[in-house]
Amino acid sequence: MTMTEQPVETAGEDTACCARHDSHGPGPGAEVPETARERVNRRWNEILQETRVTQTGVQILFGFLLSVAFTPLFRELETFDRVVYVITVVLGAAATGSLIAPVSIHRFLSGQRMKDEVVEAAGRLMMCGMVLLALTIGCTLLLILRVVVPGVLAEILVGAVMLWFGLCWYVLPLRLRRRAARRSGADDAQRT
């Protein structure tokens, strides 16, 4: 039985849950422990918020990309730039699909008592969508900068931006996670 298949909590359990959130709980700065159901609900709400933010950005970018093919300048692009454009549009479509997929999954599985599985799949799709979005942005920059900036400077600028994305979107969160794990391990060692 998964955590979302558990029977509805009784009034006594509900009171115990609420007691954790009143003024008699842990002191300032301490995290309030959450039940498995509270955790999966919190994670789902976080994914929904993240989806709202990324969907808007990827849809605007994708709309821009689709309109580029209908501009007079597009006909003057070299073969390499047209290939970059096609790759960019495909990446943008894939990013859109990945970032909207959690909504579809939820719609199909709503009421099936599978929230923990839905949250896990949605989290993975969001990570995949973020990688695809970063690649779409990088290719879009390459396409634009190759038209605007002469020479190899366009590729250097795109490489710098992609490095920045990698640092902000992946390296920093992983570093923070590792630091928190070390701190948690040190706290556990002090308690024993």
Side-chain angles (χ1 to χ4, degrees), residues 39-40 42-109 115-184:
R39 183 172 39 262
V40 78
R42 175 186 50 78
R43 288 183 65 211
W44 177 248
N45 287 330
E46 289 171 352
I47 286 173
L48 285 179
Q49 185 60 32
E50 293 163 358
T51 300
R52 287 182 188 108
V53 170
T54 56
Q55 274 181 357
T56 304
V58 77
Q59 288 172 336
I60 290 169
L61 179 58
F62 190 58
F64 160 76
L65 289 170
L66 292 177
S67 68
V68 167
F70 301 102
T71 63
L73 185 60
F74 184 78
R75 291 174 198 14
E76 299 173 18
L77 290 179
E78 299 171 11
T79 303
F80 177 79
D81 293 325
R82 286 177 184 250
V83 169
V84 170
Y85 174 76
V86 169
I87 291 169
T88 305
V89 169
V90 169
L91 286 170
T96 301
S98 289
L99 294 171
I100 294 175
V103 175
S104 176
I105 290 171
H106 180 262
R107 200 45 24 230
F108 275 99
L109 299 177
K115 189 178 265 184
D116 45 352
E117 291 90 351
V118 168
V119 167
E120 186 66 31
R124 290 174 192 246
L125 283 164
M126 289 292 294
M127 287 301 296
C128 178
M130 294 297 290
V131 169
L132 291 168
L133 178 59
L135 292 172
T136 303
I137 292 170
C139 287
T140 303
L141 277 174
L142 181 61
L143 188 64
I144 292 169
L145 292 178
R146 280 182 48 87
V147 172
V148 176
V149 180
V152 74
L153 183 58
E155 288 83 0
I156 292 170
L157 291 171
V158 170
V161 169
M162 294 308 293
L163 178 63
W164 180 249
F165 274 21
L167 290 171
C168 292
W169 288 11
Y170 302 103
V171 174
L172 178 61
L174 291 173
R175 185 168 182 216
L176 292 173
R177 178 190 279 181
R178 199 172 305 128
R179 185 185 305 166
R182 279 195 304 257
R183 187 173 38 232
S184 175

Item to check | CZ (Arg175) with more than 12 external heavy atoms under 6.0 Å | outcome: no

Checklist entry - Taking C-beta and beyond as the side chain, do Glu50 and Ile47 meet within less than 4.5 Å on heavy atoms? => result yes

Checklist entry - Angle class for the Tyr85/Phe74 ring planes (parallel below 30°, perpendicular above 60°, tilted otherwise)? => result perpendicular

Checklist entry - Would you call Arg82-Glu78 a salt bridge at under 4.0 Å N-O? => result no

Next on the checklist: Treating Ser184 as the side-chain partner and Ala180 as the backbone partner, does any N or O pair qualify as donor plus acceptor under 3.5 Å?
Outcome noted: no

Next on the checklist: Side chains of Phe108 and Val118, heavy atoms from C-beta outward: is any pair under 4.5 Å?
Outcome noted: no

Checklist entry - For the residue pair Leu61 and Thr136, what are the closest heavy atoms and their distance? => result CD2-CG2, 3.6 Å

Next on the checklist: Using side-chain contact (heavy atoms from CB on, under 4.5 Å), reason through Leu133 and Trp169 one step at a time and then give a plain yes or no.
Outcome noted: CA-CA 11 Å; Leu133 178 59; Trp169 288 11; 4.2 Å; yes

Checklist entry - With side chains defined as the heavy atoms from C-beta onward, is the minimum distance between Val149 and Leu153 less than 4.5 Å? => result yes

Next on the checklist: If you define the side chain from C-beta out and look only at heavy atoms, does anything of Leu99 sit under 4.5 Å from Thr51?
Outcome noted: no

Next on the checklist: Between Tyr170 and Phe165, is the ring centroid distance below 6.0 Å?
Outcome noted: no

Checklist entry - Can you check whether Ala95's main-chain N or O pairs, donor with acceptor, with Ser98's side chain at less than 3.5 Å? => result no

Next on the checklist: Check whether Thr71 reaches the backbone of Ser67 with its side chain - one donor and one acceptor, N or O, closer than 3.5 Å.
Outcome noted: no

Checklist outcome for this item: Rounded to the nearest 0.5 angstrom, the OG1-CZ distance for Thr140 and Phe62 is 11.0 Å

Checklist entry - Are more than 12 heavy atoms from other residues, nucleotides or ligands located less than 6.0 Å from atom CZ of Arg124? => result no

Checklist entry - Mind checking whether Ile100 and Gln59 have side chains closer than 4.5 Å, heavy atoms only? => result yes

Next on the checklist: Are the side chains of Arg52 and Gln49 in contact, using a 4.5 Å heavy-atom criterion?
Outcome noted: yes

Checklist entry - Of Leu145, Leu141, Leu142, which is the lone residue that meets side-chain contact (heavy atoms from CB on, under 4.5 Å) with Leu157? => result Leu145

Checklist entry - Taking all non-hydrogen atoms of both residues, which atom of Ala122 and which atom of Trp44 are closest, and how far apart? => result CB-CZ3, 3.8 Å

Item to check | Heavy-atom side-chain proximity of Leu176 to Leu172 below 4.5 angstrom | outcome: yes

Checklist entry - Which pair of non-hydrogen atoms, one from Gly138 and one from Val158, has the smallest distance, and what is that distance? => result O-CG1, 3.5 Å

